[in-house]
Amino acid sequence: MKLLVTGAAGFIGANFVYYELEKHPDDVIVGLDALTYAGNLETLEAALKNPNFKFVKADITDRDAVDSVFEDEQFDIVVNFAAESHVDRSIEDPAIFLRTNILGTQVLLDAARKYKVPRYHQVSTDEVYGDLPLNRPDLLFTEQTPIHTSSPYSASKASSDLLVQAYQRTFGFPATISRCSNNYGPYQFPEKLIPLMIANCLADKPLPVYGEGLNVRDWLYVADHCKAIDLIIREGRVGEVYNIGGHNEMTNIDIVKLIISALDKSESLITYVTDRKGHDLRYAIDPTKITNELGWTPETMFADGIKITIDWYLNNRDWWGNIVSGEYTKYYEKMYGDR
Ligand code: NAD
Ligand code: TYD
């Protein structure tokens, strides 16, 4: 099998490349990435030593560049991770989210159709379902939950899902979609909650908690997301949406306190800051469909996953230290300076 993995130099894309190279050592993977602020070729250093992996620097909105990759390679499967992925950035500047997440997806769909790729997978998010109330723990997102977005990020992801479904219906395009809850693990960019809190804790910097810290996210270890996508692209039914999540709901403040305690720091670092605009209250996934149809269950419990993740950030300070000391510093000042 030959796979195209877009967004391969990002957090989940890179973890997926490593997962596939180990699980299916005979498969060939082409990783494509524009290397935006969130993409880091260093993350793929070990993969680049594998003769079955090749990297192409290209932007998914660049039709000529994308077409030429499809022309050169005969892909069996395309997995699209490439996206602008940070909600806070989408609130500051939505345009790039619409461009990459919607128009970029369209370019990939057109190329996959043109070159008759037998299978396309769109990596989506539970954020397309909007949010759930905090006082109704009985409610979970199922694949039937209506799309109801809150942020420019989630609106752009929902739009790309709708495009994929339109290509399915109109052209008989062979696609699947997965909608996963919040991921954590190695190689996550330190602008997202868990790596940001680890990095700030280690630098004894304030830990910016939005609002009262009571918003709930459903955390899944990244390798479990990769395992689910691997099952969907090989055994999932064309035309279907699969929700992915491990029933692990936690409030933000509990996550922050857990990180503080694991790193033996003081809770006095916690700083409550102005809430995110339109802040989704709670996400929670019902994964019954993927469990029943494909036998997927998460393997890494949160207590183990968070320990592995914290240890990884402790042991790989160069990887994120470079990021935190570079261009990202300016972003951090802009976003948190007067909050
Ligand atoms: P990320 O921001 O870490 O990585 C995104 C990657 O896409 C980066 O390497 C970036 O360089 C690349 N990219 C951005 N624009 C591009 C373009 N125009 N052309 C080519 N490459 C481009 O994001 P992530 O957390 O790894 O998320 C990957 C996917 O999974 C996204 O589609 C996201 O919506 C989805 N998702 C993420 C989570 C999560 O918790 N992180 C949960 C569910 C779904
Ligand atoms: P994030 O990692 O940005 O993921 P998402 O918004 O896609 O769920 O944020 C996770 C939660 O943590 C969310 O409720 C916002 C909150 N948060 C903070 O309280 N402080 C921060 O500095 C960040 C980045 C997030």
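One-based numbering, in listed order, for ligands and for the atoms of each.
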Checking a contact table here: which protein heavy atom is nearest [atom], and how many Å away?
| atom | answer |
| --- | --- |
| atom 21 (N) of ligand 1 | A34 N, 3.1 Å |
| atom 32 (O) of ligand 1 | K157 NZ, 2.6 Å |
| atom 30 (O) of ligand 1 | V123 CG1, 3.5 Å |
| atom 5 (C) of ligand 1 | A83 O, 3.4 Å |
| atom 25 (O) of ligand 1 | F11 CD2, 3.6 Å |
| atom 8 (C) of ligand 1 | D33 OD2, 3.6 Å |
| atom 19 (N) of ligand 1 | I60 N, 2.9 Å |
| atom 43 (C) of ligand 1 | C180 O, 3.4 Å |

In plain terms, say whether D27 and R234 are close enough for a salt bridge, that is, a side-chain N and a carboxylate O under 4.0 Å apart.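 Here D27 pairs with R234 in a salt bridge, since their nearest N and O are under 4.0 Å apart.
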Sidechain N-carboxylate O distance under 4.0 Å for D67, R63: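 Judged by the 4.0 Å cut-off on N to carboxylate O distance, D67 and R63 do not form a salt bridge.
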Taking both backbone and side-chain atoms of [X], is any N or O found less than 3.5 Å from an N or O belonging to ligand 1?
| X | result |
| --- | --- |
| H225 | no |
| D59 | yes |
| L32 | no |
| I12 | yes |
| Y37 | no |
| G10 | yes |
| T36 | yes |
| N183 | yes |

Measure the distances from the heavy atoms of [X] to every atom of ligand 1 and state whether one is below 4.0 angstrom.
| X | value |
| --- | --- |
| T6 | no |
| G104 | no |
| A8 | no |

Can you check whether [Y]'s main-chain N or O pairs, donor with acceptor, with [X]'s side chain at less than 3.5 Å?
| X | Y | answer |
| --- | --- | --- |
| E143 | N243 | yes |
| Q168 | A175 | yes |
| D62 | A65 | yes |
| S159 | A155 | yes |
| N15 | P186 | yes |
| D76 | K2 | yes |
| D264 | A262 | no |

Determine the interplanar angle of the Y37 and F189 rings, folded into 0 to 90°, and report it as parallel if under 30°, tilted if 30 to 60°, perpendicular if over 60°.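 The arrangement is perpendicular - the two ring planes meet at more than 60°.
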Measure the acute angle between the ring planes of Y120 and F173, then classify it against the limits of 30° and 60° as parallel, tilted or perpendicular.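 Geometry flag for F173 against Y120: tilted rings.
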Tell me, please, whether [Y] has [X] positioned over its six-membered ring: NZ or CZ under 6.0 Å from the ring centre and within 45 degrees of its axis?
| X | Y | value |
| --- | --- | --- |
| R276 | Y210 | no |
| R113 | F171 | yes |
| R237 | Y242 | no |

Step by step, work out the ring pair (Phe, Tyr, Trp, His ring centres under 6.0 Å) result for F70 and F75. CA-CA 7 Å; F70 278 74; F75 295 119; 5.4 Å; yes
Provide the number and element of each atom of ligand 1 under 4.0 Å from a heavy atom of [X].
| X | answer |
| --- | --- |
| N182 | 40 (O) |
| S85 | 1 (P), 2 (O), 23 (O) |
| F81 | 28 (C), 29 (C), 31 (C), 32 (O) |
| S124 | 43 (C), 44 (C) |
| Y153 | 33 (C), 34 (O) |
| L35 | 11 (O) |
| S181 | 42 (C), 43 (C) |
| A58 | 19 (N), 20 (C) |

Test side chain to side chain donor-acceptor pair (under 3.5 Å) applied to S178 and E240, H121, Q122, the passing residue: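 Checked E240, H121, Q122 against S178; only one passes side chain to side chain donor-acceptor pair (under 3.5 Å): H121.
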Does the side chain of S181 come under 3.5 Å of the side chain of W219 through a donor N or O and an acceptor N or O?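 Looking only at side-chain atoms, W219 and S181 do not form any donor-acceptor pair under 3.5 Å.
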Closest candidate by heavy atom, reference atom 16 (C) of ligand 1, pool L108, T125, T100: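 Among L108, T125, T100, the closest heavy atom to atom 16 (C) of ligand 1 comes from T100.
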One line per pair, note the atom names and distance for all nitrogen or oxygen contacts under 3.5 Å between ligand 2 and the protein.
residue  : atom   : partner : partner atom : Å
ligand 2 : 2 (O)  : L193    : N            : 2.9
ligand 2 : 3 (O)  : R276    : NH2          : 3.0
ligand 2 : 4 (O)  : N182    : ND2          : 3.4
ligand 2 : 6 (O)  : R276    : NH1          : 2.5
ligand 2 : 6 (O)  : R276    : NH2          : 3.3
ligand 2 : 7 (O)  : E127    : OE2          : 2.6
ligand 2 : 8 (O)  : N182    : ND2          : 2.9
ligand 2 : 8 (O)  : R217    : NE           : 2.7
ligand 2 : 12 (O) : N252    : ND2          : 3.3
ligand 2 : 14 (O) : R217    : NH2          : 3.2
ligand 2 : 14 (O) : N252    : ND2          : 2.8
ligand 2 : 14 (O) : H279    : NE2          : 2.7
ligand 2 : 19 (O) : Y210    : N            : 2.9
ligand 2 : 20 (N) : P208    : O            : 2.7
ligand 2 : 22 (O) : P208    : O            : 3.3
ligand 2 : 22 (O) : Y336    : OH           : 2.7

Do V123 and L3 sit in the same hydrophobic cluster, where Ile, Leu, Val, Met, Phe, Trp and Tyr count as joined when their side-chain heavy atoms come under 4.5 Å apart?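 The answer is yes; both residues are in one hydrophobic cluster.
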Does H279 have more than 12 heavy atoms from other residues, nucleotides or ligands lying within 6.0 Å of its NE2?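 Yes, enclosed.
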Checking ring-ring contact (aromatic ring centres under 6.0 Å, His included) between F16 and each of Y187, F53, F81, which is the one that passes?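 For F16, the ring-ring contact (aromatic ring centres under 6.0 Å, His included) check succeeds only for F81.
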